[in-house]
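Take a look at the structure below.
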Amino acid sequence: MATRWGICSAGKISHDFTVALKSLPPEDHQVVAVAARKLGYAQEFAKKHNIARAYGGYEELARDPDIDVVYIGVIHPYHLSTCLLFMNAKKNVLCEKPLAMNTKEVQEILASAKNNGVFFMEAVWTRFFPASVEIRRLLAEGEVGELKIVKSEFGVPLMHVARSVRKELGGGAMLDLGIYCLQFICMVYREKPECIQAMGVCLETGVDETVVVTLKFSKNRMAVFTCSMGMQLSNDAIIVGTKGTIRIPEHMWCPTSLVVNGKETQYPVPEPYLPLNFTNSTGMRYEAEEVRQCLLKGLKESAVMSHADSLLLAEVEDEVRRQVGVVYTQDCQ
């Protein structure tokens with residue numbers, strides 16, 4: 001039977017996720033309903049994607065008995081309330097990253113998932129790309145020897161985007177872009193850093209424009225990442241070990257090629273049936289399929305992006321923001 005999806009929010013990321021779902025077999029994945037704050041937005045989205053039901057409110061979607069899992073594509077200041085709404089209605093949830101505004105909110109979401117006995121995963125889509133699967137295999141087999149350093153950067157000009165620069169909308173480079181660099185480093189080392197040092201440049205609005213972070217892990221293993229919404233960076237990542245290197249040459253957040261000890265392999269994503277808003281978005285199909293497989297096995301979380309992984313990201317993000325001087329309203333509650 002197909003996994004029946006409900007889409008929460010009719011924005012750009014929800015559009016791309018729905019397009020990605022359509023690249024999977026219809027007997028495996030089916031979009032049953034979409035909800036937006038205004039009925040008109042939901043109806044327009046439903047028409048574009050050929051979805052049977054459109055709701056002018058998230059509560060209606062939460063009450064729909066024909067939904068197996070809800071994809072939450074609202075902006076992150078609203079993740080907490082939206083996640084709680086659906087999980088209290090006993091709905092399984094895939095929620096966009098960053099999962100929440102801080103560790104306290106993340107803990108609340110994870111506790112709700114546990115209390116309600118539902119599946120829950122933060123949509124860190126990068127981890128499910130074939131290139132990422134291959135990286136984990138290479139690391140497990142010791143392909144590059146003992147790990148020494150991981151470097152990553154993600155920078156794109158976003159100063160013209162209101163959501164990115166306004167504090168009340170959860171703006172800032174760390175939560176929007178830095179999370180990709182951080183999750184990559186955490187995927188490689190699979191532990192909490194022993195030491196975190198962060199420096200950054202903040203805007204007058206109180207959010208971080210550019211941040212540079214150095215992390216030290218056990219066995220003297222290091223990591224460095226840079227994120228910026230003020231400039232274009234090379235957006236690559238590299239893992240260096242005693243026997244060689246693994247490199248993602250570009251688009252490290254949605255990788256379609258890997259260079260292992262100088263040899264490049266391509267991992268193309270499927271073509272979309274409608275124009276996309278973001279790079280390589282059909283790659284969201286891989287996280288959607290992970291959700292399906294977890295549900296079929298009766299799991300409440302994914303081993304690839306676990307609840308502990310989400311908590312670790314939030315804890316490091318909080319410490320980086322503390323050192324850089326970014327404080328959201330949610331931090332004071």
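These numbers come from a predicted model, not from an experiment.
- Taking 4.0 Å as the cut-off between side-chain N and carboxylate O, K91 and D64 do not count as a salt-bridged pair.
- Put simply, V291 and I67 are part of two different groups of oily side chains (I, L, V, M, F, W, Y) that touch within less than 4.5 Å, one to the next.
- Residue A198 comes nearest to V324 through the heavy atom pair CB-CG2, 4.1 Å, listed as atom of the first residue, atom of the second, then distance.
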Notebook entry, point to check: Going through the distances and angles, do D28 and R292 end up as a salt bridge (Lys or Arg N to Asp or Glu O under 4.0 Å)?
Noted result: CA-CA 8 Å; D28 290 350; R292 173 172 165 79; 3.4 Å; yes

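- Taking 4.5 Å as the limit, every side-chain heavy atom of H76 sits out of range of all side-chain heavy atoms of L99.
- In terms of heavy atoms, G230 sits closest to M159 at CA-CG, 4.1 Å.
- With rounding to the nearest 0.5 Å, the separation of CD in E168 from OG1 in T205 is 8.5 Å.
- Between the side chains of T282 and S23, no donor-acceptor pair is found at a separation under 3.5 Å.
- Nearest approach of A54 to A46, heavy atoms of both residues: CB-CB, 4.0 Å.
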Please tabulate, for the side chains in residues 138-150, all donor-acceptor contacts under 3.5 angstrom to protein atoms that are two or more places apart in sequence or on a different chain.
from	atom 1	to	atom 2	distance (Å)
E141	OE1	R137	NH1	2.7
E141	OE2	R137	NH1	3.2

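- Counted by atom type alone, H29 and E289 present one or more donor-acceptor pairs between their side chains at under 3.5 Å.
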Check: Please walk me through it: do E191 and R221 pass salt bridge (Lys or Arg N to Asp or Glu O under 4.0 Å)?
Finding: CA-CA 11 Å; E191 66 177 40; R221 297 173 301 173; 3.1 Å; yes

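- Residues L215 and F225 meet the side-chain proximity criterion, which asks for heavy atoms closer than 4.5 Å.
- A distance-only check finds a donor-acceptor pair linking the side chain of T18 to the backbone of S14 [under 3.5 Å].
- Within the 4.5 Å cutoff, the side chain of L274 has heavy atoms near those of the K48 side chain.
- Rounded to the nearest 0.5 Å, atoms CE (M1) and OG1 (T3) are 8.5 Å apart.
- Counting only heavy atoms from C-beta outward, the side chains of E122 and M305 approach each other to under 4.5 Å.
- You'll find the side chain of C202 reaches within 4.5 Å of the side chain of V326, heavy atoms only.
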Item checked: Stepwise side-chain contact (heavy atoms from CB on, under 4.5 Å) test for V316 and I196 -> CA-CA 8 Å; V316 178; I196 302 166; 4.0 Å; yes

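- Counting heavy atoms from C-beta on, the side chains of S218 and E194 come closer than 4.5 Å.
- Looking at V34 and Y55, their side chains never come closer than 4.5 Å, going by heavy atoms from C-beta outward.
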Notebook entry, point to check: Checking side-chain contact (heavy atoms from CB on, under 4.5 Å) for the pair Y71/C8: CA distance, chi angles, key distance, verdict?
Noted result: CA-CA 6 Å; Y71 167 79; C8 171; over 6 Å; no

Notebook entry, point to check: Could you go step by step and tell me if F86 and N92 meet the side-chain contact (heavy atoms from CB on, under 4.5 Å) rule?
Noted result: CA-CA 8 Å; F86 288 109; N92 300 302; over 6 Å; no

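- By the 6.0 Å contact criterion, OH on Y41 is open, its count of non-hydrogen atoms from other residues, nucleotides or ligands being 12 or less.
- Taken together through direct or relayed side-chain contacts under 4.5 Å among Ile, Leu, Val, Met, Phe, Trp and Tyr, V240 and V259 form parts of separate hydrophobic clusters.
- With a 4.5 Å cut-off on side-chain heavy atoms, L94 and V70 do not count as touching.
- For the residue pair P77 and Q330, the shortest heavy atom distance occurs at CB-NE2, 3.9 Å.
- Here W5 and F17 bring their ring centres to under 6.0 angstrom of each other.
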Next item on the list: Begin with the C-alpha distance, continue with both residues' side-chain angles, and end with the deciding distance and a verdict on side-chain contact (heavy atoms from CB on, under 4.5 Å) for K297 and C294.
Entry: CA-CA 5 Å; K297 292 170 190 164; C294 288; 5.9 Å; no

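- Side-chain atoms of D318 and T103 form a donor-acceptor pair, as typed in the model, at a separation below 3.5 Å.
- V93 and V124 end up in different hydrophobic clusters when Ile, Leu, Val, Met, Phe, Trp and Tyr side chains are linked at under 4.5 Å.
- Nearest heavy-atom pair across V207 and K167 is CG1-CA, 3.7 Å.
- Less than 6.0 angstrom separates the ring centroid of F154 from the ring centroid of W253.
- Within the 3.5 Å criterion, the main-chain N or O of F119 finds no donor-acceptor partner in the side chain of E301.
- Residue E271 qualifies as open at atom CD: its count of foreign heavy atoms under 6.0 Å is 12 or below.
- Atom CG of L299 and atom CD of E290 lie 8.5 Å apart (nearest 0.5 Å).
- A salt bridge links E319 and R322; the closest N-O separation between the charged side-chain nitrogens and carboxylate oxygens is under 4.0 Å.
- To the nearest 0.5 angstrom, M231 atom CE is 8.5 Å from T226 atom OG1.
- Counting non-hydrogen atoms of other residues, nucleotides and ligands closer than 6.0 Å to NZ of K151 gives a total of 12 or fewer.
- At most 12 heavy atoms of other shown residues, nucleotides or ligands fall within 6.0 angstrom of atom OH in Y78.
- The closest side-chain donor-acceptor pair between Q266 and T256, if any, does not fall under 3.5 angstrom.
- Among all heavy-atom pairs drawn from N277 and K12, the shortest one is ND2-O, 3.1 Å.
- Atom OG1 of residue T82 and atom CE of residue M87 lie 10.0 Å apart, to the nearest 0.5 angstrom.
- Transitive grouping of hydrophobic side chains (ILVMFWY, heavy atoms separated by less than 4.5 Å) brings L21 and F278 into a common cluster.
- A salt bridge does not link R190 with D309: every distance from a Lys NZ or Arg NE/NH1/NH2 to an Asp or Glu carboxylate oxygen is 4.0 Å or more.
- When only modelled atom types and interatomic distance are considered, N116 and N88 share a side-chain donor-acceptor pair under 3.5 Å.
- The distance from the CG atom of L158 to the CG atom of D176 is 6.5 Å, given to the nearest 0.5 Å.
- Taken together through direct or relayed side-chain contacts under 4.5 Å among Ile, Leu, Val, Met, Phe, Trp and Tyr, Y58 and I13 form parts of separate hydrophobic clusters.
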